[in-house]
Structures are given as C-alpha cells and as structure tokens.
Amino acid sequence: MMTDGEITELLTTEDVSEVEELHGRARMAAESVYGDRVFARGLVEISSYCRNNCYYCGLRRDNLKAERYRLSPDAILKACDDGYEMGLRSFVLQGGEDMWFTDERIAEIVREVKERHEDVAVTLSVGEREEKSYRLWREAGTDRYLLRHEAADKCLYETLHPKEMSYDNRLRCLRDLQRLGYQTGCGFMVGAPGCSVEGYLKDIRLIEELRPAMVGIGPFIPAAGTLFDKYSHGSAEMTLRLLSVIRLIDPHLLMPATTALGTILEDGMERGVMAGANVIMPNITPMTERGKYTIYDNKKVTGSDAAESLELTGKRLKTIGKRLTLARGDWK
Ligand code: SAH
Ligand code: SF4
C-alpha cells in the first residue's frame with residue numbers, strides 16, 4: 001500500500017524524471033495483467049434528458065440551452081447492431097437520469113441486445129436507481145455498470161451537487177451494484193472547483209475500499225449553462241498522474257483514456273494509455289444525435305472518439321506499441 005506521503009509526492013513532484021518513471025511503472029503494471037491490449041467499448045449516448053442538477057454538467061435539468069434528445073429503443077438496438085458489424089463486442093449505454101427509460105424499458109433493451117448478440121458485454125451508465133432496478137437489469141443480462149462516485153470527500157461532493165442529491169445514496173448505489181455482481185466502475189473528475197490533492201487521496205482510498213473493476217477519471221471541463229462555466233478546465237498532467245497512481249494501486253483495473261482527456265489534449269488517448277489506461281470508448285451514437293450530448297463544451301465526437309475511425313485509432317495505438325481489441329474485455 002502506498003502511503004499518503006508517497007502518493008502526494010507523485011502527484012506534486014516537479015521532477016520530470018520522477019513523473020516519467022511513474023508513467024512507465026504504471027504502463028508495466030497494466031501490461032502485466034492485460035498485455036499490450038487496449039479494449040474498445042462502443043458508447044451509445046441514449047438520452048440527454050436528466051432529472052438531476054449537478055452543478056458542473058451541461059445536461060443538468062436547469063440548463064435551458066441544452067439540446068434534449070432521446071433515442072428510441074429501436075435506435076439504440078440499431079446502434080449496437082451497427083457496432084457489432086464493425087466488430088465491437090462491448091457496448092456502453094449511457095445517459096442522463098431520464099425516467100422515460102423505466103426499469104422495464106431498460107431491461108427490455110438489454111435483453112434484446114443480448115438476444116441478438118450473445119457474445120457481447122453490456123454496460124449501463126444511467127445514474128442512481130433503487131436496488132430493485134439494478135437487480136432487474138442484472139437479471140436481464142447487464143454485465144457492468146458505470147457510476148462515478150464524483151468525490152469521495154463528502155464536503156466536496158456537496159460543493160458539486162445540489163442539496164437534493166446525496167453522497168450517501170451515491171455510495172449506496174455503488175455498494176448495491178457490487179453486491180449484485182456487476183463489474184462496477186466508479187471515478188471522478190480532476191480539477192473541478194474545490195478539488196485538491198487531499199481530495200484525490202480520499203478518492204484513491206475509496207477505490208481501495210470498493211475494489212471496483214473499472215475507474216473512469218477525466219479532467220473537469222467547463223460547460224455553458226452551468227454554475228461553473230467560468231472556471232478553467234482541470235489539468236491533463238494531474239489526470240495522467242492520477243491514472244498512473246491508480247493503475248499502480250490495482251493493476252487489474254479497466255481504465256479508459258477518457259473523451260474529456262482527448263478533448264483538452266490532441267494526443268490524449270495516447271498519453272492516457274502511456275500513463276496506464278487500457279480502455280477507449282468510441283462513440284457509436286447515431287450521427288443525427290451525436291454532438292447533442294453536451295456534458296461539457298467542445299466535446300470531441302471525431303477522431304479516436306468516433307467509431308467510424310476505429311481503424312485509424314488502431315494505427316495510432318500501434319505506434320505506441322498497443323493493440324486495439326474489440327473483444328468483450330472482461331475484468332480479470
Ligand atoms: N448521468 C449519469 C451518466 C452521464 S454523466 C451519471 O451522472 O452517472 C457521466 C459523467 O460525466 C459524470 O459521472 C461526470 O463525472 C462527467 N461529467 C459531467 N460533467 C462534466 C464536466 N463538465 N466535465 C467533465 N466531466 C463531466
Ligand atoms: Fe445528469 Fe449525470 Fe449530468 Fe448529473 S452528471 S446532470 S446525473 S447527466
């Protein structure tokens with residue numbers, strides 16, 4: 001176990017060679033479990049409606065300027081079919097907390113994806129629900145669930161969310177998901193207002209405690225129509241260091257080089273992978289709606305973030321000695 005002092009040193013050192021060594025060790029840790037593979041997950045952004053009002057997010061319910069759309073179940077199934085044709089075997093259905101998608105509707109979509117394609121993994125990421133909803137979706141065949149904890153420090157959590165949202169409920173959800181046998185993912189934003197190294201230490205300790213299969217971290221990026229629209233984005237450098245430290249803490253983790261990182265850094269995908277990330281999430285949302293899922297400004301929907309350029313993404317990864325894999329890519 002790394003001490004608080006050791007982690008703080010790695011996150012704050014100005015010694016470039018120390019940082020290089022950190023990234024190198026993290027890369028080796030990932031390779032010791034997953035070899036040279038980087039896993040692709042086809043991302044379907046199913047709805048931009050959200051009942052929540054997270055202060056940082058462009059999809060928050062009070063953002064009247066956000067463009068709202070909702071994919072029909074048929075459109076979601078079609079997106080997965082198309083992704084399957086491209087070779088993808090892992091799909092993530094993500095959206096705002098849109099209650100049009102009732103428990104049963106979501107369960108039915110998952111059942112149908114699994115029915116059409118028995119060799120795929122399905123991940124849901126549709127926010128907080130009751131235990132019985134998660135249970136239903138698990139029984140319907142859902143393999144994984146992404147629900148970032150957002151901030152392990154309760155105070156910071158409350159700075160980032162309105163009173164009606166609760167830190168305790170977020171953690172309750174994560175524990176339910178783990179208990180129900182989901183490969184569960186938590187995570188947080190880097191450099192959101194109020195973030196600090198002390199806060200990251202708490203995030204890291206929470207990850208050690210929960211032992212998730214996946215961790216998603218990316219820089220905070222300001223979004224128009226939110227309370228934080230005047231802040232600057234989080235540091236790519238700090239994001240990369242955190243990726244490495246978390247990789248060293250658990251070499252088995254599946255960790256994406258996030259779209260947010262690719263949005264603030266042209267070579268964010270490569271840099272993320274070189275720092276220990278081993279997942280990418282190419283967007284397979286139908287073109288008619290792609291671009292409307294504006295959780296933050298200037299979100300990338302092209303390049304390594306678009307499923308249409310999978311081949312190019314594979315080539316880019318090859319230049320850094322990695323092999324893009326379209327397989328399910330389960331947690332080991
Ligand atoms: N509604 C679901 C899933 C969609 S939001 C949920 O909240 O879990 C997915 C993630 O986007 C959130 O967990 C949050 O960490 C991230 N996010 C939201 N706004 C962001 C911003 N302005 N910058 C960077 N990441 C953001
Ligand atoms: Fe909704 Fe998720 Fe955005 Fe919060 S972060 S407003 S829950 S989409």
Side-chain angles (χ1 to χ4, degrees), residues 41 43-70 92-101 106 123-129 133-134 144-152 156-157 159-162 164-167 169-171 173-174 177 182 184-195 199 203 212 214-236 238-239 242 256-265 268 281 283 285 292-300 305:
R41 325 289 193 202
L43 175 67
V44 192
E45 294 159 338
I46 66 171
S47 174
S48 69
Y49 286 91
C50 189
R51 65 173 168 177
N52 284 337
N53 229 347
C54 305
Y55 293 150
Y56 45 84
C57 178
L59 299 184
R60 63 199 306 271
R61 117 183 135 237
D62 283 355
N63 183 6
L64 300 179
K65 297 214 181 95
E67 225 182 311
R68 308 291 175 175
Y69 73 90
R70 172 183 296 133
V92 178
L93 311 185
Q94 187 179 79
E97 293 196 10
D98 176 358
M99 299 328 263
W100 184 87
F101 284 103
I106 295 216
T123 304
L124 286 174
S125 179
V126 293
E128 299 174 26
R129 297 252 180 152
S133 321
Y134 292 148
R144 308 180 188 144
Y145 203 101
L146 298 173
L147 184 76
R148 290 185 176 181
H149 62 277
E150 311 295 2
L156 177 58
Y157 184 91
T159 320
L160 298 174
H161 301 93
E164 72 218 30
M165 290 181 74
S166 121
Y167 173 87
N169 195 52
R170 197 87 182 164
L171 283 187
C173 289
L174 281 166
L177 292 162
Y182 284 92
T184 305
C186 65
F188 58 96
M189 287 176 296
V190 179
C195 280
D203 292 313
M214 306 171 284
V215 171
I217 65 168
F220 157 78
I221 301 177
T226 67
L227 276 68
F228 301 152
D229 62 346
K230 299 282 188 305
Y231 284 79
S232 45
H233 67 69
S235 144
M238 182 58 90
T239 305
L242 281 161
T258 53
T259 299
L261 184 61
T263 297
I264 63 164
L265 269 190
M281 295 170 68
N283 202 319
T285 307
K292 296 185 194 166
Y293 190 75
T294 47
I295 49 182
Y296 48 79
D297 296 346
N298 308 314
K299 183 164 152 276
K300 259 182 112 176
D305 296 289

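When a ligand or atom number is given, it counts from 1 through the structure's own listing order.
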>> Does ligand 1 come near enough to Met189 that some N or O of the ligand is less than 3.5 Å from an N or O of the residue?
In response: no
>> Pairs of nitrogen or oxygen atoms closer than 3.5 Å, one from Ile221 and one from ligand 1: do any exist?
In response: yes
> N/O/S atom of Cys54 under 2.8 Å from atom 1 (Fe) of ligand 2, yes or no?
Replying inline: no
> Taking non-hydrogen atoms only, is Cys50 closer than 4.0 angstrom to ligand 1 via side chain, backbone, both or neither?
Replying inline: neither
>> Heavy atom to atom 7 (O) of ligand 1, shortest distance: which of Arg170, Arg51, Glu97, Glu128 holds it?
In response: Arg170
>> I want to confirm something. Looking only at heavy atoms, which of Gly95, Pro219, Gly127 is nearest to atom 1 (N) of ligand 1?
In response: Gly95
> Considering only protein heavy atoms, which is closest to atom 16 (C) of ligand 1, and at what distance to one decimal place?
Replying inline: Arg148 NH1, 3.7 Å
>> Check for me whether Ser125 has a heavy atom closer than 4.0 Å to any atom of ligand 1.
In response: yes
>> With nothing but distance in play, are any N or O atoms of Tyr296 less than 3.5 Å from an N or O of ligand 1?
In response: no
>> Apply side-chain contact (heavy atoms from CB on, under 4.5 Å) to residues Arg129 and Met99 and explain how you reach the verdict.
In response: CA-CA 10 Å; Arg129 297 252 180 152; Met99 299 328 263; 3.6 Å; yes
> atom 11 (O) of ligand 1: which protein heavy atom is closest, and how many Å away?
Replying inline: Ile295 CD1, 3.6 Å
> What part of Cys57, side chain, backbone, both or neither, has a heavy atom within less than 4.0 angstrom of ligand 1?
Replying inline: both
> Nearest to atom 15 (O) of ligand 1 by heavy atom, Glu150, His149, Lys299: which?
Replying inline: Glu150
> How long is the span from the CE atom in Met189 to the CD1 atom in Ile217, to the nearest 0.5 Å?
Replying inline: 12.0 Å
>> At under 4.0 Å between heavy atoms, is it the side chain or the backbone of His233 that contacts ligand 1, or both, or neither?
In response: neither
> Would you call the rings of Tyr69 and Tyr293 parallel, tilted or perpendicular if under 30° counts as parallel and over 60° as perpendicular?
Replying inline: perpendicular
>> Tell me if the centroids of the rings in Tyr134 and Tyr145 come within less than 6.0 Å of each other.
In response: yes
> Would one find an N or O of Tyr56, backbone or side chain, under 3.5 Å from an N or O of ligand 1?
Replying inline: yes
>> Below 30° counts as parallel, above 60° as perpendicular, anything between as tilted: where do the rings of Phe228 and Tyr231 land?
In response: perpendicular
>> Less than 4.0 Å from atom 2 (Fe) of ligand 2, is there any heavy atom belonging to the protein?
In response: no
> Could you go step by step and tell me if Ser47 and Phe101 meet the side-chain contact (heavy atoms from CB on, under 4.5 Å) rule?
Replying inline: CA-CA 9 Å; Ser47 174; Phe101 284 103; 3.9 Å; yes
>> Just to confirm my output: which protein heavy-atom neighbour is closest to atom 9 (C) of ligand 1, and how far is it?
In response: Gln94 NE2, 3.9 Å
> Taking C-beta and beyond as the side chain, do Asn298 and Ile221 meet within less than 4.5 Å on heavy atoms?
Replying inline: no
>> With heavy-atom distances below 4.0 Å as the criterion, list the atoms of ligand 2 near Cys50.
In response: 1 (Fe), 6 (S), 7 (S), 8 (S)
> What's the shortest distance from atom 8 (S) of ligand 2 to any protein heavy atom, and which residue and atom give it?
Replying inline: Gly96 CA, 3.7 Å
>> Please check whether Tyr293 reaches ligand 1 - meaning an N/O of the residue sits under 3.5 Å from an N/O of the ligand, judged on distance alone.
In response: no
